[in-house]
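Keep in mind that this is a model prediction, so the values were computed, not measured.
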Amino acid sequence: MFRLLAISILAFSSTAWGWQISSDSQRVALLELYTSEGCSSCPAADRWLNGLVNHPDLWQRFVPVAFHVDYWDWIGWKDRFARPSHSNRQRTYQRQGGLNAVYTPGFVVDGKEWRNWFRSTNSTTPPESSEDAGVLSLEQKGNELVARYQLPEHQAGANHYNLDFVITGFDLSNRIDAGENRGKVLEHNFVVLHHLRQMSYPLPDSPGVLQWRIALPQTINQQSQTKEPRRLAISAWVSTGDFLRPLQATGGWWRNSKENTL
């Protein structure tokens, strides 16, 4: 039997007020994994991603997110973390030239297909870039999150910019009772539980600065066989126009589950 989790993230503790994170000016890689509990090839990729939780460069050099897709649900197991929007995002990458094909497990680094994980050892991490990508910062102000992006000097201004904002869950697991992974208990980290994409235009008095104000969701509903996530993280990245390729990313631990209410 599965239980529906309604994780309240607005039951702020006193320490949550004033929470803020920021990237450096050097590009932080956005590492996206497209995965599914219905895919027999995905558990190995999930385990590799899980191992990045304790990596010393986490959040400073790369930001991982796991988008569970729904196009394998038809083979007998419905992935409780999957969303049609996650599948559509992967298909958009293909249309924009970032992917040769839509498949799982599929890794995307900074908008481009990344196959090194399949060919290398588990110590492989996303490639590091010394490019000046501007500074992206997030700051909690009450029930809102304020994001600011300072463009690098060399970057030409675009008509508009988008901020992708995600809340990810950790220490999640499901027992799989059907499909290709039947009988397995799958462990998950960096699972996208909430995703919002919001547009912004350069500030009139500061053309090199973008700002977004995001209302934090009151609850995140998920089905799982385990308790609520022990940890949550917030990540965000900026892109231009209709393109998904990120310019800069940042992320960090949000809170422990003992600060949440069910």
In Å and rounded to the nearest 0.5 Å, what is the OG1 to CG distance from Thr92 to Asp242? 10.0 Å
From CA spacing to verdict: side-chain hydrogen bond (donor to acceptor under 3.5 Å, both in side chains), Arg47, Asn50: CA-CA 5 Å; Arg47 286 192 295 272; Asn50 293 347; over 6 Å; no
Check whether Phe243 and Tyr201 end up in the same hydrophobic cluster, where Ile, Leu, Val, Met, Phe, Trp and Tyr are linked by side-chain heavy atoms less than 4.5 Å apart. no
State, yes or no, whether a side-chain contact exists between Trp19 and Leu145 at a heavy-atom distance under 4.5 Å. yes
Hey, could you give me the CG/OG distance between Leu30 and Ser239, rounded to the nearest 0.5 Å? 10.0 Å
Roughly how far, to the nearest 0.5 Å, is CD of Gln150 from CD of Gln211? 12.0 Å
Checking side-chain contact (heavy atoms from CB on, under 4.5 Å) for the pair Glu32/Gln90: CA distance, chi angles, key distance, verdict? CA-CA 10 Å; Glu32 303 174 59; Gln90 192 183 25; over 6 Å; no
Is any side-chain heavy atom of Gln96 closer than 4.5 Å to one of Arg245? no
Which pair of heavy atoms, one from Trp237 and one from Pro246, lies closest together, and at what distance? CD1-CB, 4.0 Å
Does a side-chain heavy-atom distance below 4.5 Å link Trp72 with Asp79? no
Taking the side chain as every heavy atom from C-beta outward, state whether Thr250 and Gln248 have any atom pair closer than 4.5 Å. no
Closest non-hydrogen atoms of Asn181 and Gly38, given as atom of the first, atom of the second and distance, are ND2-C, 4.1 Å
Is Lys112 paired with Asp110 through a side-chain N to carboxylate O contact shorter than 4.0 Å? no
Side chain to side chain, His194 and Phe165, heavy atoms closer than 4.5 Å: yes
Is any side-chain heavy atom of Val238 closer than 4.5 Å to one of Leu210? no
Between Val28 and Ser23, the two heavy atoms sitting closest are CG2-CB, 4.1 Å
Any non-hydrogen side-chain atom of Val109 less than 4.5 Å from a side-chain atom of Phe62? no
Minimum-distance pair of heavy atoms, taken over all atoms of Cys39 and Cys42: SG-SG, 3.0 Å
Among His195, His86, His188, the one residue meeting ring-ring contact (aromatic ring centres under 6.0 Å, His included) with His68: His188
Quickly, which of Leu31, Leu58, Leu172, Leu33 forms a side-chain contact (heavy atoms from CB on, under 4.5 Å) with Phe190? Name it, please. Leu58
Same apolar cluster (I L V M F W Y, side chains within < 4.5 Å links), Trp253/Val65: yes
If you look at every heavy atom in Leu163 and Ala236, which pair is closest and at what distance? CD1-CB, 3.9 Å
Can you confirm whether Ser25 sits close enough to Pro152 that some side-chain heavy atom of one is under 4.5 Å from a side-chain heavy atom of the other? no
Quick check on the hydrophobic clustering: are Trp212 and Leu216 connected, directly or via other members, by side-chain heavy-atom contacts under 4.5 Å? yes
Option from Tyr93, Phe67, Trp48 for which ring-ring contact (aromatic ring centres under 6.0 Å, His included) with Phe107 holds: Trp48
Would you confirm whether Asn189, through its side chain, and Asp171, through its main-chain N or O, come within 3.5 Å as a donor-acceptor pair? yes
Verify whether the ring centers belonging to Trp254 and Phe170 lie closer than 6.0 Å. no
Could you grab the distance from atom OG1 of Thr168 to atom CG of Leu193, nearest 0.5 Å is fine? 7.0 Å
Gap separating the CG atom of Asp24 from the CG atom of Leu136, nearest 0.5 angstrom: 11.5 Å
hydrophobic_cluster_shared for Trp59 and Val53, side chain cutoff 4.5 Å: yes
Sequence neighbours excluded, every pair satisfying salt bridge (Lys or Arg N to Asp or Glu O under 4.0 Å) that has a member inside residues 178-198: Asp164-Arg197
Using 0.5 Å steps for rounding, measure from the CZ atom of Arg80 to the CG atom of Asn174. 5.5 Å
Please say yes or no: joined through hydrophobic side-chain contacts below 4.5 Å, possibly via intermediate residues, are Trp77 and Leu186 part of one cluster? yes
Which atom names give the shortest non-hydrogen contact between Pro217 and Ile167, and what distance separates them? CG-CD1, 3.9 Å
Say whether, by atom type as modelled, one donor and one acceptor occur between the side chain of Asn54 and the main chain of Pro56 under 3.5 angstrom. no
